[in-house]
Amino acid sequence: MAAQHLLRDAIPDDNFIRLAPEALECLMPMFLWLSPSGHIRAVGATLRKLLGGADPTGLRFLEVFHIRRPRHASTMDDVMRLAGTRLHLQLRIRPQTGFRGIAVPLADGQGALVNLSFGIEVAEAVRAHDLTDADFAPTDLTVEMLYLAEAKSAVMTELHDLNRRLQLAKSEAEEQALTDTLTGLGNRRKMDTVIDRLILSGVAFGLMHVDLDFFKQVNDTLGHAAGDHVLQCVSRVLRAETRTGDTVARVGGDEFVLIFPGLAQTERLATIAERIIQTLAQPFYFEGKACRVSASIGMNVSTQYDPPQPDRMLSDADRALYASKYGGRSRATAYSPDLDLPDIVPAG
Amino acid sequence: MHGLINRSIQSFLRDTYGAALWQNVALDARLGFDNFEAMLSYDDALTEAVLTSAANRLARPRDTLLEDMGTYLVSHPHLEPLRRLLRFGGVTFVDFLHSLDDLPSRGRLAVPELELPQLELVARSDHHFTLYCRGAGKGYGHVMVGVLRAMADDYGALVLLDYDGSDVAVETITINLLEHRFAAGRRFSLASHTGAL
């Protein structure tokens, strides 16, 4: 047993270390001196503090502490058999602080000496028992460990903050890269991203290509400021007429693409398109002057394709749009393979 | 220079003289950004530019600015975690003085790439000490004077400090401890009250 080499039968008198409990306490403020019967004869100052200041002498060691590892001990003999091995103990009273410990037998069957230290939950114990630097032996590294834990947590806080700021900057940069600055709508890149993602995840969707009629006239007659104002008003209308999860992107000077995830029925798209056309038929006012535009719309749904390809869907929606334009403007046309296209279809 | 040190200088200038002063210093020093990040490293020239620009703007000698920064590091509520870490150095001010030799190692334990000056304390008697401050750039000695003054306050000790920077390689601080327990000092408990451990 581990205990055997710790107990020698004959120790010459001049080879004894004789220490007063006060000197022992200086070295090990968490020592316990146990009598052969397993009763506490003396304890170090820090342990006294942990036990709530009550004098533990005369109490049975195992009534105060519970030895949990390497195995349960219920008698002093059990304790002696565990001498020299690392013990995991726990206070029986609250807050049931955990300890590591080691017991060594005293010469001539005079009982045992036990020394304790805190385990990994040292910070908890320090808080629970309000311990100070003076409660630890000068050789004990516990205070350094507390220092390290606190230093690391300060550094981690800084790193965490830095990560948060970088994350924010990243998403802002991404957002800007996908946003049209005049209207706050998505841009062409945003549109591409959304369509790619929908196709990749196999979600059916509808899209509309919206082109403003007479926008050039507004710009030419009332100036660019009026044109910009109209674009901002149109953006608000388009956003108001779509759902939260839909995407509205400005993809050209006066061209917009609307994407409707999960909405691939032409009739429902047509209803929305009709509302948009009606609303945009009302004039906007800029510095008291009426700006009149209208909207032509081409619609398309992903369920017509297997598999859907972004470029084809968009160019087919474009053909439907031109069908609307040449059919007299202020109208919406749904693309289908048998769509009757007008004679003049602009390239691109 | 490590971001922690640059960030400290920034916090000192901003908390003491206001956000506008810091903005101007950052512009003068041509940083190209508004804030130092504590966990990144920067060219030493930037630190120098910030200190020079701050001294010019405030029309104050660089040395006293550095000393004030040392005091700020210990006493400003924003930097309470730093004060706590310093207080881990010892139970009394003299304990703390004797822990100064370990300061660079303590710093590295928390932030491995942090370079602090090499410190050496020599006890001339029970109340008379000399602190030698070497390497990591001239001027740390002034910061240390500020730190020591504030730490003495923190422990409630009364000290006289004297700075000698005449040697190129080493800054010398003489510490005269007039009284151990002159005032109550500030409380320090091992357990962090934030529960952040």
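Numbers restart at 1 for each chain; the letters A, B, ... are given by sequence-line order, proteins then strands. All values derive from a computational prediction rather than experimental measurement.
- At a 4.5 Å heavy-atom cutoff, D161(A) makes no contact with chain B through either its backbone or its side chain.
- At a 4.5 Å heavy-atom cutoff, the contact between R106(B) and chain A is made by backbone and side-chain atoms alike.
- Using a 4.5 Å cut-off between heavy atoms, L159(A) touches chain B through backbone and side chain atoms alike.
- Inspection of the R250(A) and S235(A) side chains reveals no N or O donor paired with an N or O acceptor under 3.5 Å.
- The residues R7(B) and E158(A) are annotated as not salt-bridged, no charged nitrogen and carboxylate oxygen being separated by less than 4.0 angstrom.
- Only the side chain of E144(A) has a heavy atom closer than 4.5 Å to any heavy atom of chain B.
- Side-chain contact annotation: S11(B) with D15(B), donor-acceptor N/O pair under 3.5 Å absent.
- Using a 3.5 Å distance cut-off with no hydrogens or angles, the side chains of T92(B) and H180(B) do not pair a donor with an acceptor.
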